[in-house]
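For reference, the structure is listed below as structure tokens.
Nothing fancy with the numbering, it's 1 onward along the sequence.
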Amino acid sequence: MAESALADAVEDVLRQAAALRSRGETRAAIELLTKANRAQRSSELELAMVDLRLEGGRSLSPSDSAVVHAPVEPQGPGGAIVEVDAAGLTVSALREGIARSGCLLVRGMVRPEAAAQIAAGIDSALAAYDAAAAGDRSGDPAWYSPRTIEDRAGTGEIISRKITRDTGSLWAVYSPRMLFEVLELVDGVGLGPLMTDFLGERPVLSANKCTLRRAPCENLLTGWHQDGAFLGDEIGSFNFWVTFTRCGVDAPGMDIVPKRFDGVLQSGGPGAIFNWSLSEQTVLDAAGDTPIVRPEFEAGDALLFDHRLVHRTASSATMLHERHALESWFFTPSKYPAEGQVPLLY
């Protein structure tokens, strides 16, 4: 398609999306833009989708639906992470995994070629941030185009972006192209219906907790934690954590207490790094006879869990390679974190 014809087509789709939005049909507008962007990638479409998702998330009412907590009674022994392959991922398997080990490890959830493509996209998004931070405004805004996002830490948005970047990370909402890729991945592996069934309602994605990561190989300052320590305990949550490179041996992985906890443990204490993190002794006491594990992940392996899993980034001086990964937290509209998490319509 000629450049002028392409520009006209994009403008036409944007006009149609605006008409849908004006009638309150935000999801239909996003679906229209998504379909058009699949056919022909466009920076304008990708930027428009970010704005629609932010607007749609902010307009959701907490009373849109009532969360349904399905009972999860373990059917097998605990003490090890429950694993399935991609074909074995069902809501029943997810409930069983969380009931027995606090999480479910899904081997080969993302195809190797898709994992490599997203890893390259993470590199491009981080490079675009670095160029913009250095004063270069010539890049494609689809790779990096920050929006105003509230920071739960209260450090200020620009400082928050720098702190996040210094740890090898970037919020996907700041990279419209990668946010599109993330949600295409979520849909491609069938997570949408699974999350809705598991949580009892269609979730929204947190702008503050959907993070592209390129974890550096040097020792990281990490701490044991449950995300519920700062998100709140009585929420409906689902985290899709997936690595796009091999990790856990020669690249930073994750240490996990493979045990279901029914609430958030007391944070702080001697040796705790942050006020929301757990001390080593608290973790050991809570683990009891359950051994702490450090899984070996292959590119495309995913870990699914909620806000009560006790875990930390696993890093050591023997790890010589970076890890590319995605952390993406979804929450139920009816039981959304009280503050500091900006919802994106999904």
Candidate pair Leu345 and Leu52, rule side chain to side chain contact (heavy atoms under 4.5 Å, CB included), full reasoning: CA-CA 8 Å; Leu345 194 65; Leu52 280 171; over 6 Å; no
Are any non-hydrogen side-chain atoms of [X] and [Y] less than 4.5 angstrom apart?
X      : Y      : value
Asp306 : Arg260 : yes
Arg214 : Arg165 : yes
Glu327 : Asp227 : yes
Trp276 : Gln226 : no
Thr290 : Pro258 : yes
Trp329 : Cys210 : no
Phe297 : Thr245 : no
Ile118 : Leu326 : no

Quick check on the hydrophobic clustering: are [X] and [Y] connected, directly or via other members, by side-chain heavy-atom contacts under 4.5 Å?
X      : Y      : answer
Ile256 : Val249 : no
Leu303 : Val283 : no
Leu126 : Leu179 : yes
Phe238 : Leu183 : yes
Leu47  : Trp143 : no

Donor on one side chain, acceptor on other, [X] and [Y], under 3.5 Å:
X      : Y      : result
Gln281 : Ser279 : no
Ser316 : Thr318 : yes
Glu55  : Thr26  : no
Asp140 : Ser43  : yes
His324 : Asp123 : yes
Ser145 : Arg147 : yes

Would you call [X] and [Y] a salt bridge, taking side-chain N to carboxylate O under 4.0 Å as the test?
X      : Y      : result
Lys335 : Glu234 : no
Asp301 : Arg107 : yes
Asp197 : Arg95  : yes

Let me confirm one number: the [atom1]-[atom2] distance from [X] to [Y], rounded to the nearest 0.5 Å.
X      : Y      : atom1 : atom2 : value
Ile81  : Phe305 : CD1   : CZ    : 10.5 Å
Met49  : Leu54  : CE    : CG    : 13.0 Å
Asp250 : Arg323 : CG    : CZ    : 12.5 Å
Arg100 : Ile98  : CZ    : CD1   : 13.0 Å
Leu191 : Tyr346 : CG    : OH    : 7.0 Å
Thr211 : Lys209 : OG1   : NZ    : 6.5 Å

Are the ring centres of Phe274 and Trp224 closer than 6.0 Å? no
Could you go step by step and tell me if Arg213 and Glu322 meet the salt bridge (charged side-chain N to carboxylate O under 4.0 Å, His left out) rule? CA-CA 10 Å; Arg213 297 197 186 281; Glu322 296 174 323; over 6 Å; no
Apply the test side-chain hydrogen bond (donor to acceptor under 3.5 Å, both in side chains) to residues Ser334 and Glu201: give CA-CA distance (whole Å), side-chain angles for both, the deciding distance (0.1 Å), then the verdict. CA-CA 9 Å; Ser334 66; Glu201 59 187 282; 2.5 Å; yes
For a side chain to side chain contact (heavy atoms under 4.5 Å, CB included) check, start with the C-alpha distance between Met254 and Thr313, then their side-chain angles and the critical distance, and finish with the verdict. CA-CA 5 Å; Met254 193 182 295; Thr313 299; over 6 Å; no
Check [X] against [Y] and note the closest heavy-atom contact, atom names and distance.
X      : Y      : result
Asn239 : Ser328 : OD1-O, 3.0 Å
Val342 : Asn208 : N-OD1, 2.6 Å
Ser101 : Ala80  : CB-O, 3.3 Å
Val82  : Glu96  : CG2-O, 4.5 Å
Ala48  : Leu14  : CB-CD2, 3.7 Å
Glu298 : Thr243 : O-CG2, 3.5 Å

Do the rings of His225 and His311 sit parallel, tilted or perpendicular, given the 30° and 60° boundaries? tilted
Under the side chain to side chain contact (heavy atoms under 4.5 Å, CB included) rule, what do Phe180 and Val50 come out as? Steps first, then yes or no, please. CA-CA 8 Å; Phe180 180 81; Val50 172; over 6 Å; no
Residues Asp51, Arg21; criterion salt bridge (charged side-chain N to carboxylate O under 4.0 Å, His left out); working and verdict: CA-CA 11 Å; Asp51 291 334; Arg21 171 186 167 276; over 6 Å; no
Report, as yes or no, whether the 6.0 Å neighbourhood of atom [atom1] on [X] holds more than 12 heavy atoms from other residues, nucleotides or ligands.
X      : atom1 : value
Asp289 : CG    : no
Glu25  : CD    : yes
Arg308 : CZ    : yes
Arg111 : CZ    : no

Are any side-chain N or O atoms of [X] and backbone N or O atoms of [Y], one a donor and one an acceptor, separated by less than 3.5 Å?
X      : Y      : answer
Tyr144 : Gly139 : no
Asp233 : Gly228 : no
Asp255 : Arg312 : no
Ser267 : Asn275 : yes
Ser237 : His307 : yes
Asp187 : Gly192 : no
Ser175 : Ala172 : no

Run the side chain to side chain contact (heavy atoms under 4.5 Å, CB included) check on Gln266 and Thr282 step by step: do they pass? CA-CA 8 Å; Gln266 180 62 51; Thr282 297; 5.7 Å; no
Show your working on ring pair (Phe, Tyr, Trp, His ring centres under 6.0 Å) between Tyr129 and Trp171 and close with a plain yes or no. CA-CA 11 Å; Tyr129 168 89; Trp171 289 352; over 10 Å; no
